[in-house]
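Shown next, in structure tokens, is the structure this report addresses.
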Amino acid sequence: MHIAILTLTFSLPGCSSLKEKRQRMGGLHARFGNTPSVAVCESGERDRHDASEWTFVIVGLSKREIESQCSQIEGKLERTVDARVMSVERGFV
């Protein structure tokens with residue numbers, strides 16, 4: 001069993017309220033949290049309207065499988081979220 005922790009920090013230029021932030025970042029739980037091998041939460045910058053940090057915990061049988069899933073998550077986020085990815089951190093437990 002292998003475990004990866006993927007943390008992404010986003011910038012939300014022009015975002016002026018927490019309500020707008022929820023709209024722009026919305027749906028991450030629904031998109032990724034339904035996958036049995038992935039847990040997701042907003043892990044930082046919760047009170048700022050112009051930034052957000054999200055952490056994903058991915059569990060799998062092989063490191064290769066987990067790395068592939070991390071890449072898929074990163075790619076999907078870059079295509080679907082109305083925000084700029086400022087940093088990506090990957091770690092393995």
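- For residues 55-81, the set of pairs meeting the ring-ring contact (aromatic ring centres under 6.0 Å, His included) definition, not counting sequence neighbours, comprises F32-F56.
- Evaluation of the side chain to side chain donor-acceptor pair (under 3.5 Å) rule for S17 yields no partner, not counting sequence neighbours.
- When the salt bridge (charged side-chain N to carboxylate O under 4.0 Å, His left out) test is applied to E74, the partners found at least two apart in sequence or on another chain are R90.
- Checked against side-chain contact (heavy atoms from CB on, under 4.5 Å), S68 has the following partners two or more places apart in sequence or in another chain: Q72.
- Residues passing the salt bridge (charged side-chain N to carboxylate O under 4.0 Å, His left out) test with E20 are R24, sequence neighbours excluded.
- With 3.5 Å as the limit, one finds no donor-acceptor pair spanning the side chains of R46 and S52.
- When the side chains of ILVMFWY residues are joined at heavy-atom separations under 4.5 Å, either directly or via intervening members, F92 and V59 end up in two distinct hydrophobic clusters.
- Counting all heavy atoms, side chain and backbone alike, A83 lies closest to L12 at CB-CG, 4.0 Å.
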Under 3.5 Å, which donor-acceptor pairs link side chains of residues 2-9 to any protein atom two or more places apart or in another chain?
residue, atom, partner, partner atom, Å
T7, OG1, T55, OG1, 3.2
T9, OG1, S87, OG, 3.2

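- Separating the CH2 atom in W54 from the OG atom in S43 is a distance of 8.5 Å, to the nearest 0.5 Å.
- Contact between I66 and G60 at its shortest, heavy atoms only, is CD1-N, 3.5 Å.
- By the side-chain contact (heavy atoms from CB on, under 4.5 Å) test, R48 pairs with E45, D50, A51, sequence neighbours left out.
- For E65, the side-chain contact (heavy atoms from CB on, under 4.5 Å) partners are L61, S62, not counting sequence neighbours.
- Linking ILVMFWY residues whenever their side-chain heavy atoms come closer than 4.5 Å, directly or via other members, places V40 and M25 in the same cluster.
- Put simply, the side chain of H49 does not reach to within 4.5 Å of the side chain of R22, judged on heavy atoms.
- A 4.5 Å side-chain heavy-atom check between L18 and K21 finds at least one atom pair inside the cut-off.
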*Dump the intermediate steps for side chain to side chain contact (heavy atoms under 4.5 Å, CB included) on F10 and M86, then the final yes or no.*
CA-CA 5 Å; F10 299 91; M86 300 306 288; 5.8 Å; no
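- Evaluation of the salt bridge (charged side-chain N to carboxylate O under 4.0 Å, His left out) rule for E53 yields no partner, not counting sequence neighbours.
- In this structure E67 satisfies the salt bridge (charged side-chain N to carboxylate O under 4.0 Å, His left out) test with no other residue, sequence neighbours excluded.
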